[in-house]
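Worksheet: the structure to be examined is printed underneath.
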Amino acid sequence: MLQKVVSFRSLPPATQTQSTVSSSETHILPTSGFRFVMSGVDRISELPESLLTQILSYLPTNQSVQTTVLSKRWENVWLSVPCLDFDLHSSVVPYHDNQVLFTFLDNLLNFSPELSLLKVKVKCRDMMIDGFMERLGTVISRGTEHLDVESSTDYIDDYTNSVTLPCVEFMPMNLYASKKLVYLKLTSSGLRDPGFVYMPCLKFMHLEEVKWRFRLVMSGRDRISELPECLLTQILSYIPTKQSVQTSVLSKRWENLYLSVPGLDLDCSSVPYDADQVFLSFIDKLLESSPESILFKVKVKYRDTKIDGFNDRIGIMIDRGTQHLDIDSSNYIGSRRTLVYLKLTSSVLGYPVVVFMPCLKFMHLEEVKWRVHLAKLISGCPVLEELTLLRDPEDEYKALLVRTRSLKRFRVLPLRNGYVRSRVKCTLKIDAPGLEHMSLGDDQICSIVVKNLTCLLVVELDVKFRVLVNTWNVSKINVIRDFLNGISCARHMIISAKTVQALARYSQLGMIPKFNNLSRLQAVFRSKLVQFLPAFLECCPNLKHLILVLHPEEMEEELELTDVPQCVSTTLECVEIQDKFEWEEGKMKVASYFLENSAVLEKLILSPTAYNQNIYEKVNKLTKRSPVCQIIHE
């Protein structure tokens with residue numbers, strides 16, 4: 001063992017018992033009624049050895065060893081523990097006597113040669129111990145699955161050059177061929193180049209401040225070039241095509257590898273205006289080198305002037321089976337049977353005779369110039385699941401129709417470049433029975449009409465409903481009413497400050513419908529509109545979780561929250577209050593409102609940015625209607 005004598009005071013309280021105990025002695029765990037030694041019987045020692053070793057595996061090894069003094073039963077139990085957890089920084093191993101450590105390790109390894117130390121954790125001290133890494137290699141060869149080693153860096157004096165040099169401990173070479181290792185964590189360790197690495201079961205690798213001795217070219221051998229071609233082309237597919245082509249000068253092995261890369265990532269803005277033909281010759285060489293190859297992913301950023309003939313080459317690539325297409329400024333679209341992902345930016349979509357993209361699932365269109373109706377484009381995508389639109393504010397199309405049964409996620413992004421008003425009055429119509437997530441952020445759309453949103457789960461609104469500009473136009477007010485009714489089946493709603501303001505205004509003209517399915521609401525309220533909160537919550541009778549984001553704004557009158565909607569008194573379980581809100585009186589009133597009126601409230605979570613420690617302590621003293629409510633400050 002590591003020490004000849006271990007005092008009982010160093011053991012955990014539960015194990016401070018002698019092997020021979022008088023019949024009158026009773027030892028009880030302070031946290032339970034279970035008695036380890038009762039009526040002269042040592043009950044822990046009666047447990048099966050497999051269970052005892054499992055218990056000891058949760059202790060550091062030095063504490064596990066200390067149990068040997070308890071009784072004859074415990075003398076060798078520690079030798080069967082399938083783990084090793086050693087901190088050599090501790091004073092257990094004297095600096096002047098490494099033999100103590102080696103004797104311990106040799107006893108452990110020789111006691112049961114077939115035993116696998118499944119989990120090994122070692123923290124080395126600041127001075128290296130010659131021979132320790134050889135023992136660690138033996139442990140690894142026994143089938144270790146979890147290895148965590150924190151090595152040390154020793155320093156030696158170079159008196160010739162008057163410098164101090166670091167000396168690193170390198171991991172044993174059999175580590176690189178461990179067939180059972182699943183988890184590997186190395187800290188400040190050294191790794192030599194083994195020439196061959198094969199760890200077929202390794203799933204988790206964590207390397208901190210490792211000292212590398214791997215060399216790409218070693219002993220005259222170019223090790224990267226020895227990798228299979230399929231792996232090299234896969235590596236090249238992660239870099240832009242221009243850089244991929246540059247590898248052709250490395251050696252004969254690399255000369256034509258870029259031609260087999262299954263992807264194309266081109267920035268045409270770097271192509272000189274007088275070099276169009278050279279550029280097209282390169283594309284032709286790429287396409288002709290392997291006529292049967294597929295460019296699965298094609299990403300092209302155009303320059304501001306057209307390269308005649310390039311779109312035709314893109315068409316050939318797509319015809320070959322491209323699955324992921326990302327074009328920044330193009331005018332090519334049509335029937336593409338293999339496309340799965342399509343992203344077009346600042347592009348022109350001409351009017352095709354037929355649109356048929358049977359595999360397309362993701363479509364992202366930003367500032368596209370429409371020459372084809374969106375409805376026609378979508379109708380040719382029978383399995384489309386996700387659609388993202390960012391309108392071109394100068395586009396002439398007045399109506400966007402999204403009608404599809406397959407669509408699950410739909411986003412409309414806000415206009416770019418700070419457009420205050422779109423030149424064209426646009427209407428958005430959505431008919432998507434399978435839609436689950438809808439996000440609307442373009443508040444320049446004049447009206448939004450929804451239909452058949454029976455599966456809607458999440459809706460995000462960052463719009464201000466432009467139709468409210470004329471508050472006396474009944475038909476326009478009805479457009480908002482119909483929209484709110486159309487999304488009333490949503491279960492989770494996220495609304496911005498501008499949307500809250502629009503709803504507050506609408507509530508003065510018409511009745512907000514009930515959101516009976518809504519269980520989670522996240523809303524941004526400016527200080528002036530907190531008075532509107534109870535009225536809006538009245539429309540959410542089954543709400544369970546409220547995230548209230550408060551924005552500072554000068555108040556014109558005192559805040560009074562008197563009405564108590566149904567959800568506050570019967571269903572609301574969690575309220576989170578976030579963001580900065582300098583108005584202390586308002587903070588107290590908002591918190592007090594929920595604490596005093598919520599009968600089933602379980603958590604009131606106060607953001608530190610909204611509630612400092614002083615206000616939090618005041619809130620904590622408020623009356624709570626719910627007996628189980630916890631006030632959390634995080």
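Computed from heavy atoms alone, side chains included, the values below leave out hydrogens, waters and symmetry copies. We're numbering straight along the sequence, starting at 1.
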Nearest heavy-atom neighbours spanning [X] and [Y]:
X	Y	answer
Val530	Leu561	O-CD2, 3.6 Å
Cys539	Pro513	CB-O, 3.5 Å
Leu453	Ile487	CD1-CG2, 4.3 Å
Ser626	Leu601	OG-O, 2.6 Å
Leu440	Val463	O-CG1, 3.7 Å
Tyr506	Arg481	OH-CB, 3.0 Å

Could you check whether any side-chain heavy atom of [X] comes within less than 4.5 Å of a side-chain heavy atom of [Y], counting everything from C-beta outward?
X	Y	value
Tyr593	Val575	no
Leu622	Met588	yes
Ile445	Arg391	yes
Lys589	Glu560	yes
Leu533	Leu548	yes
Ile494	His492	yes
His545	Glu576	yes
Ile239	Asp265	no

* Asked: Could you walk me through whether Thr388 and Arg411 pass the side-chain hydrogen bond (donor to acceptor under 3.5 Å, both in side chains) check?
  -> CA-CA 5 Å; Thr388 300; Arg411 294 188 302 160; 3.2 Å; yes
* To do: Run the numbers on Lys451 and Val449 for side chain to side chain contact (heavy atoms under 4.5 Å, CB included), then give the verdict.
  => CA-CA 7 Å; Lys451 184 180 179 181; Val449 180; 5.8 Å; no
* Lys624 side chain to Ala599 backbone, donor-acceptor under 3.5 Å -> no
* Main-chain N/O of Asn516 paired with Asn542 side-chain donor or acceptor, under 3.5 Å -> yes
* **Worked check of side chain to side chain contact (heavy atoms under 4.5 Å, CB included) between Leu390 and Thr345** => CA-CA 9 Å; Leu390 193 162; Thr345 305; over 6 Å; no
Hey, could you give me the [atom1]/[atom2] distance between [X] and [Y], rounded to the nearest 0.5 Å?
X	Y	atom1	atom2	answer
Leu461	Asp443	CG	CG	11.5 Å
Thr322	Met317	OG1	CE	7.5 Å
Asn597	Ser592	CG	OG	8.0 Å
Leu484	Lys514	CG	NZ	13.5 Å
Leu384	Met363	CG	CE	5.0 Å
Ser346	Glu366	OG	CD	8.0 Å

* CA sep, side-chain torsions, deciding dist, call: Val402, Thr404, side chain to side chain contact (heavy atoms under 4.5 Å, CB included) -> CA-CA 6 Å; Val402 177; Thr404 168; 4.3 Å; yes
* To do: With side chain to side chain contact (heavy atoms under 4.5 Å, CB included) as the test, would you mind laying out the steps for Ile631 and Leu606 before giving the verdict?
  => CA-CA 7 Å; Ile631 301 178; Leu606 307 177; 3.9 Å; yes
Around [X], counting heavy atoms of other residues, nucleotides and ligands shown, do more than 12 lie under 6.0 Å from its [atom1]?
X	atom1	answer
Lys498	NZ	yes
Arg625	CZ	yes
Lys299	NZ	no

* Asked: Under the side-chain hydrogen bond (donor to acceptor under 3.5 Å, both in side chains) criterion, do His364 and Glu386 qualify, and how do the steps go?
  -> CA-CA 8 Å; His364 190 116; Glu386 186 170 317; over 6 Å; no
* Asked: When the ring planes of Phe536 and Phe515 are compared, do they come out parallel, tilted or perpendicular, using 30° and 60° as the limits?
  -> tilted
* Where does the angle between the aromatic ring planes of His146 and Tyr183 fall among parallel (under 30°), tilted (30 to 60°) and perpendicular (over 60°)? -> parallel
* To do: Dump the intermediate steps for side-chain hydrogen bond (donor to acceptor under 3.5 Å, both in side chains) on His437 and Glu460, then the final yes or no.
  => CA-CA 8 Å; His437 191 132; Glu460 300 180 52; 2.8 Å; yes
* Asked: Tell me, which pairs form a side chain to side chain donor-acceptor pair (under 3.5 Å) where one or both residues lie in residues 566-575, sequence neighbours left out?
  -> none
